[in-house]
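So the structure is just underneath, and the comments pick up after that.
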2 protein chains.
Amino acid sequence: MPTSKDVAEAAGVAQSTVSYVLSGKRPISEKTRKKVEAAIEQLTYQPNAGARALASRKTRVIGLVIPFIPELHMASIMEFVSVIANTARQHDHDILLVTEDEGAPGLRRVVGQQICDGLILMQVEGNDERLPVVRSLNVPVVLIGIPRDPTGLVCIDADFEMAGDQCVRDLAAAGHSVVSVIDWQPEVVDRHVNYVDRFMRGTDKAAGELGVTVLHLPGGTDRDVIADSVDKALAKTTGSPAFIAPDGTVQDLLRRVLSSRGLTPGVDVSVIGSASPTLADLQPIPLTTIDLRPAEVSRRAVKIICQLLEADSQGPHESLELVPTVITHRSSTLRPPRGA
Amino acid sequence: MPTSKDVAEAAGVAQSTVSYVLSGKRPISEKTRKKVEAAIEQLTYQPNAGARALASRKTRVIGLVIPFIPELHMASIMEFVSVIANTARQHDHDILLVTEDEGAPGLRRVVGQQICDGLILMQVEGNDERLPVVRSLNVPVVLIGIPRDPTGLVCIDADFEMAGDQCVRDLAAAGHSVVSVIDWQPEVVDRHVNYVDRFMRGTDKAAGELGVTVLHLPGGTDRDVIADSVDKALAKTTGSPAFIAPDGTVQDLLRRVLSSRGLTPGVDVSVIGSASPTLADLQPIPLTTIDLRPAEVSRRAVKIICQLLEADSQGPHESLELVPTVITHRSSTLRPPRGA
DNA sequence: GATCATCGTCGATACGCATCGATGATTCGA
DNA sequence: TCGAATCATCGATGCGTATCGACGATGATC
């Protein structure tokens, strides 16, 4: 592997000049720049990341802490990961994978060994055990998810409260007076993953304002549980039933159960699921969706951390950003009554 | 951040001694070792990765090239990624994400800048454009998937031929004389992803030996396409129909179509899907599955590359490893006729 | 009891780059 | 026409670790 010294010799300049050509931190004459660039090209020189990190104290690597809970809808996680990785590259950074299994010590490790300059944590829970560690690390950290106490933390997430509100308003406008929310998996609910609460707050607030009834029913990966929830909802509903299934896996089951009850979404029942446009296209039926904007959340998370990294900010920054959600009408919901 | 020099001072020894305590590459007396370890503990010293990489020419990082094709079943990819990351940690390595979007130049970049010591490529296609680059890189690379010409490459994958064979044999034993394979997404088939061919070879070979008819019908994310395939299959089937759906997304659609045709898996029709045990548990019905062992494939891929890294092997190694697949009977297939 | 290997530790050096201060070359104004 | 200011480049140094050669101390050998 050629080094910057080799490039310097080939170009007939000093090594430091090569460095300045690359960084642009000092003016370089057009002539020397050309010479150096030619030498770089010819030797196919690429700067050594280790040496660069050692000298500059920046690795240009961001640690991404990913969850692996089988109960989570894995396809959505992959969408986060993929967009985060690509966005990071656009900001000239790389992504190091840190699995949740490593826990808090894992965070200390990658930061302590200076393998990465900052962290993005996915699936942050309300009372996440890693938060004390995060606060004590002297590097920028961006959380995807809003913990109970966001003091001193930088957080971003979809605006789940808005999502809940939008769903209920939308269904109310379509003429439903009772709206049933099929919850996330119990494993997720029990973890007090904070977005569940926020979503509920949104649905309930809108329900109160509109005089609509909202039922919260258990979800899960068990078909019987969903079936039970659906039957309960049907029993308590006057008029045409309406369902919201914010979890991808629950969605699939709900569809099956409804079909077994002889109900067709968009005809005699309304269903709103959650899906990004990418995933919505893969749905078996055109599903009216609440888009929680995973790609946008991911992009902003990367952008924020890159800003923090550039600013070289040591102080305990704090911010909370909520990404607006979007309802897209497809044919799984009833159309509003005329004149409404 | 404390350095090894700080540790040395605290322990009253030379910096090199600290280094030898950590690496164990030279004998150290019990007494000194204790002193050094105490100092490390007290200062919470962690070696600097950049400096280490610079001096040792090893980053202990493995680049993982992940695909992001919406047509692929994302949940399965996530399973690979997650197991690979965890296994790498067990071998004291980290995983750097490289997205497919970066293409061949991306591979050159991470290797050229010496950000990682080796690569794992997922979703390698039959005639992958990255192969020439892979061959020219002077670092170990493990491919998950078998390209058309594996000369000079290290490959590992599930034994798709075995999988196809197992599925057909199993369904034949259950009394089916016609077996319909619903293909992967056309996007996948068109890419000549090589496992499709291998799977087909397995089904056809077994069919020939057993005197069974195998139909290959188009799959995809379009429900109508699947419905069409199912209807064709039903038309050509005498006796009870049997389906194999090796793609996760296709599986979901197949279930819906069958149900709309009044067919119940395990009662009047057999269905074999592909799923690892982890994912099978999330299925809405107990699906008889062919397990393509993603976790095992991932584990072995990491193990292989770590061995290559230790061996510090420069020469163009070559190997091809196929992981045996496993059929698990659940209630979506008919039971063999008595006496069979 | 002198010789020689072995053991444990130290000091020095290299890894490849970024960065700072210094220096020579050039330009500008008075 | 000379000093000041600016510009372009160079040389030297440090980043934190791994590793090699050297060296004193210890124990074994005949």
Side-chain angles (χ1 to χ4, degrees), chain A residues 1-37 39-40 43-61 92 109 111-117 309-310 312, chain B residues 1-37 39-40 43-61 92 109 111-117 309-310 312:
Chain A
M1 294 278 182
T3 70
S4 62
K5 200 174 143 198
D6 298 331
V7 173
E9 279 175 21
V13 301
Q15 178 268 326
S16 55
T17 303
V18 175
S19 186
Y20 286 121
V21 167
L22 251 32
S23 71
K25 291 195 177 177
R26 283 206 183 167
I28 297 287
S29 73
E30 194 58 25
K31 208 177 71 186
T32 23
R33 163 174 294 116
K34 285 270 161 74
K35 274 194 302 182
V36 171
E37 280 168 355
I40 288 178
L43 298 176
T44 66
Y45 163 75
Q46 300 196 247
N48 177 295
R52 201 175 254 230
L54 185 57
S56 70
R57 322 188 125 282
K58 300 223 171 254
T59 64
R60 305 200 73 78
V61 171
D92 197 23
R109 183 180 69 84
V111 171
Q113 299 188 0
Q114 302 180 53
I115 300 180
C116 52
D117 300 333
L309 287 175
E310 267 183 71
D312 206 18
Chain B
M1 296 278 181
T3 70
S4 61
K5 199 173 142 199
D6 299 331
V7 173
E9 280 176 20
V13 299
Q15 179 267 326
S16 54
T17 303
V18 175
S19 184
Y20 285 121
V21 167
L22 251 32
S23 71
K25 291 197 177 175
R26 283 205 183 167
I28 298 287
S29 73
E30 193 59 24
K31 209 177 71 183
T32 339
R33 164 174 293 116
K34 284 273 161 73
K35 275 193 300 182
V36 171
E37 281 168 354
I40 288 177
L43 297 175
T44 66
Y45 164 74
Q46 300 195 248
N48 178 296
R52 201 174 254 230
L54 185 56
S56 70
R57 322 187 128 283
K58 301 223 169 257
T59 65
R60 305 202 72 78
V61 171
D92 197 25
R109 183 180 67 85
V111 171
Q113 299 188 359
Q114 302 180 52
I115 299 179
C116 52
D117 300 331
L309 288 176
E310 267 183 70
D312 206 19

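These numbers were taken from a predicted model, which means no experiment stands behind them.
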Legend entry - Check ion pair E30(B)-R33(B) (N to O, under 4.0 angstrom): yes
Inset, instruction - Specify the separation, in whole Å, of atom CG of L22(A) and atom P of dC17(C). - result: 9 Å
Legend entry - Atom-to-atom span, CG of N48(A) to P of dA14(C) - whole angstrom: 17 Å
Legend entry - Spacing of I28(B) atom CD1 relative to dC10(C) atom P, expressed in whole Å: 8 Å
Inset, instruction - Please determine if a side-chain N or O atom of R57(A) lies less than 4.0 Å away from the OP1 or OP2 oxygen of dG14(D). - result: no
Inset, instruction - Nearest whole angstrom, please: distance from the P of dG16(D) to the CD1 of I115(A). - result: 16 Å
Inset, instruction - Round to a whole Å and report the spacing from OH of Y45(B) to C1' of dG16(D). - result: 7 Å
Inset, instruction - Give a yes/no on whether any side-chain N or O of R33(A) is located under 4.0 angstrom from OP1 or OP2 of dA8(D). - result: no
Legend entry - salt bridge (charged side-chain N to carboxylate O under 4.0 Å, His left out) involving R109(B) - partner list, sequence neighbours excluded: D94(A), E102(B)
Legend entry - side chain to side chain donor-acceptor pair (under 3.5 Å) involving T59(A) - partner list, sequence neighbours excluded: D117(A)
Inset, instruction - Can you figure out which of dC7(C), dC17(C), dC15(C) approaches the side chain of L54(B) most closely? - result: dC15(C)
Inset, instruction - Scan residues 3-26 of chain A for pairs that pass salt bridge (Lys or Arg N to Asp or Glu O under 4.0 Å), counting only residues two or more places apart or in two chains. - result: none
Legend entry - Base-contact (B) and sugar-phosphate-only (S) positions in nucleotides 19-27 of chain C, heavy-atom cut-off under 4.0 Å, - elsewhere: BBBB-----
Inset, instruction - Using side chain to side chain donor-acceptor pair (under 3.5 Å) as the criterion, list what pairs up with S29(B), not counting sequence neighbours. - result: T32(B)
Legend entry - For atom NZ of K58(A) and atom C1' of dC17(C), their distance in whole Å: 16 Å
Legend entry - Rounded distance (Å) that lies between atom P of dT9(D) and atom CD of E9(A): 18 Å
Inset, instruction - Considering just the side-chain nitrogens and oxygens of R52(A), establish if one lies under 4.0 Å of OP1 or OP2 belonging to dG16(C). - result: no
Inset, instruction - Under 4.0 Å between any heavy atoms, over every strand shown, what does V18(B) touch: base, sugar-phosphate, or nothing? Just pick one. - result: nothing
Legend entry - Smallest separation among heavy atoms of V36(A) and V7(A), with atom names: O-CG1, 4.1 Å
Legend entry - Rounded distance in Å - CD (Q113(B)) to P (dA18(C)): 11 Å
Would you mind writing out the side-chain donor-acceptor pairs for residues 44-56 of chain A within the sub-3.5 Å range, not counting sequence neighbours?
residue	atom	partner	partner atom	Å
N48(A)	OD1	G50(A)	N	2.8
N48(A)	OD1	A51(A)	N	2.8
S56(A)	OG	R52(A)	O	2.7
S56(A)	OG	K58(A)	N	3.2
S56(A)	OG	K58(A)	O	3.4

